[in-house]
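As structure tokens, the structure follows; a few thoughts come after it.
Hydrogens, waters and symmetry mates play no part in the numbers below; they use all other heavy atoms, side chains included. Small disclaimer: the values here were computed from a predicted structure and weren't measured.
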Amino acid sequence: SSLQLIRLTLNESLSMTVTIISPQGGAPLISPSVASSVVIVDCGSGYSRVANFHACQQIGRDEQGENESTTQHIRAITTKSNIAALHTVIHCPEKSIEWLHQLVDIVKHVHTCDDDDDHGSSSSSSGTRTTQVLIGATGGVRDLISSGEITIKELDVFRELLSTSVDKNAELLLPFQATLRILSGEEEAKYEFLSVEHCAQQCGYANEGMTLGLLSSGGMSSQMFVEQFKQGGGAHCLETQIKKGNKLGLDHGMVKGTTLYSLHVEEAIAEANIPEQFGGEGVLYIAIEMLAAAGEKAGIGGIVMPVTDAVEALSTFIAKEIENDEKLDDDCERTWRTYVYVMSGIVGKLILAKLHPDSTVLFLREFKLGEDHILKPSWPLGCAIDSLREER
């Protein structure tokens, strides 16, 4: 596949170009026949991140300058201007309208950055800029829906705001088509894997014929993915709830909190029916998001290593953090940040224990092609690749 180029600017926005790779199967969240550009809103549990992915074509020639070729790319523009978490506004239509006004401003901003960054060698694949906005929510919102804290009626009211260009009171004008989608855990795993596969291939971590796997964790759920043809393969979502681990630490202290949380994660893994030696031997797992952060804290970030060695390194890190905490005075202030890496390490250690001992793992949040060339795997990137690729 063609090389992937990312250009990082350290001011207001992040601009990158990613070549489209082959599909993994299944229908995309956004119809490629409609969208030449798609804005994806990642509604996290803390805030919502916005990125504009734009399909374009670039014409080039071979080294002799003779044979002309056309390569399809996805350009992405992101901004530091995040907006509130969706679950904090969805209960109130007035707050939802205000949230959507902020989204409109950000969409205009990322399109302005896109236009400023546009070069003559690239153009829209359809000749026009037809924008769709996917508002996607994952583990945090899934949990709130499951517990009844977000109701179906509230989701319907929010979707109704998106279904017309102007609402009844003419308070809201959406200059784009918007869709709310609550991703299943399996969908989240699939799109994260798609982005991880691409990043690993572009940065040289994955050789032809190598089998890759995904390990990921956010504040509410963890994802595992290996191709179905491998032993026990497929997509799995675990309700690990690292945020619950942080609360257990705050309520009970480091020693009891980590003990209780370990039991919780073990139960979550059992409920997900993860088979022993998941994925079989010879798989390279890429651990991203909070698992990658825990690996970095344990001193094993950016290193391809046997899963057994990674389990040992995470166990050592957890034990050292517990020991360091015991040395602190009882009146020393502790926050969720005191516990988050330890709890993430517990998730990583227990998930790795389910993998084949002859597999390897790489803890990495960002893939660097060069000093200013960075790839960051995520479900929005995977979704954009799946939705805007040239061939289906």
Side-chain angles (χ1 to χ4, degrees), residues 1 4 6 16 18-32 35 37-45 48-55 72-76 78 86 132-143 178-202 206 211-228 233-240 272 279 285-292 364-367 375-392:
S1 60
Q4 177 171 353
I6 280 192
M16 59 180 143
V18 293
T19 55
I20 304 173
I21 62 177
S22 301
Q24 296 298 313
L29 294 183
I30 300 166
S31 170
S37 175
V38 55
V39 173
I40 299 181
V41 186
D42 180 4
C43 299
S45 55
S48 301
R49 309 168 186 87
V50 183
N52 173 32
F53 298 91
H54 176 195
Q72 188 178 16
H73 297 269
I74 295 178
R75 291 179 52 200
T78 65
L86 180 63
Q132 288 193 0
V133 174
L134 170 66
I135 302 171
T138 53
V141 173
R142 287 196 302 265
D143 182 69
T179 304
L180 173 64
R181 178 68 179 267
I182 313 302
L183 278 72
S184 68
E186 290 73 21
E187 287 176 322
E188 186 177 0
K190 168 194 169 182
Y191 289 119
E192 286 183 326
F193 172 78
L194 191 58
S195 70
V196 157
E197 181 182 51
H198 183 70
C199 293
Q201 289 173 346
Q202 297 305 309
T211 301
L212 291 176
L214 163 79
L215 304 175
S216 175
S217 189
M220 295 304 297
S221 67
S222 298
Q223 289 69 240
M224 303 172 67
F225 188 98
V226 174
E227 292 289 4
Q228 290 280 7
H236 294 272
C237 182
L238 296 70
E239 302 302 319
T240 47
Y285 291 91
I286 312 293
I288 63 173
E289 302 287 356
M290 296 175 75
L291 296 185
L364 201 60
R365 282 185 287 184
E366 296 181 338
F367 291 73
L375 304 173
K376 186 171 182 179
S378 64
W379 77 259
L381 174 58
C383 178
I385 290 169
D386 192 47
S387 298
L388 299 176
R389 58 182 174 243
E390 185 173 31
E391 297 181 1
R392 301 201 52 76

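For the salt bridge (Lys or Arg N to Asp or Glu O under 4.0 Å) test, residues two or more places apart in sequence or in another chain that qualify with Asp42 are Arg49. Partners of Ser216 according to the side chain to side chain donor-acceptor pair (under 3.5 Å) rule, which considers only residues two or more places apart in sequence or in another chain, are Glu192.
Contact detail for Ser48 and Cys43: the closest heavy-atom pair is OG-CA, 3.7 Å. Scanning both residues, Leu134 and Cys383, for their nearest heavy atoms gives CD2-SG, 3.7 Å. Nearest heavy atom pair, residue Ile286 against residue Phe367, reads CG2-CZ, 3.6 Å. Taking both residues in full, the closest heavy atoms of Gly139 and Ser221 are given as CA-OG, 4.0 Å, listed atom of the first, atom of the second, then distance. Residues Ile40 and Pro380 come closest through the heavy atom pair CD1-O, 3.3 Å. Pairing each heavy atom of Pro377 with each of Val196, the nearest pair is CB-CG2, 3.7 Å.
Summarising the geometry, atom OG1 belonging to Thr179 is positioned 8.0 Å from atom CD1 belonging to Ile135; distances are rounded to the nearest 0.5 Å. The OH atom of Tyr191 lies 7.0 Å from the CG atom of Leu183; values are rounded to the nearest 0.5 Å. With values rounded to the nearest 0.5 angstrom, Glu227 atom CD is found 5.0 Å from Phe193 atom CZ. The distance from the OG1 atom of Thr138 to the CE atom of Met220 is 10.0 Å, given to the nearest 0.5 Å. Here the CD1 atom belonging to Ile182 is positioned 10.5 Å from the CD atom belonging to Glu187, to the nearest 0.5 angstrom. Note that CZ of Phe225 is 11.0 Å distant from CG of Leu212, once rounded to the nearest 0.5 Å.
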Evaluate the criterion side-chain contact (heavy atoms from CB on, under 4.5 Å) for residue pair Val41 and Leu86; output intermediate values, then yes/no.
-> CA-CA 10 Å; Val41 186; Leu86 180 63; over 6 Å; no

Evaluate the criterion side-chain contact (heavy atoms from CB on, under 4.5 Å) for residue pair Leu381 and Lys376; output intermediate values, then yes/no.
-> CA-CA 8 Å; Leu381 174 58; Lys376 186 171 182 179; over 6 Å; no

What do the steps show when you test Glu289 against Gln223 for side-chain contact (heavy atoms from CB on, under 4.5 Å), and what is the final call?
-> CA-CA 11 Å; Glu289 302 287 356; Gln223 289 69 240; over 6 Å; no

Would you check, one step at a time, whether the test side-chain contact (heavy atoms from CB on, under 4.5 Å) holds for Ile288 with Leu215?
-> CA-CA 6 Å; Ile288 63 173; Leu215 304 175; over 6 Å; no

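Judged by distance alone, the side chains of Ser195 and Glu197 never bring a donor and an acceptor atom under 3.5 Å apart.
Side chain of Ser222 to main chain of Thr240: no donor-acceptor pair is present (N/O by atom type, distance under 3.5 Å, no hydrogens or angles).
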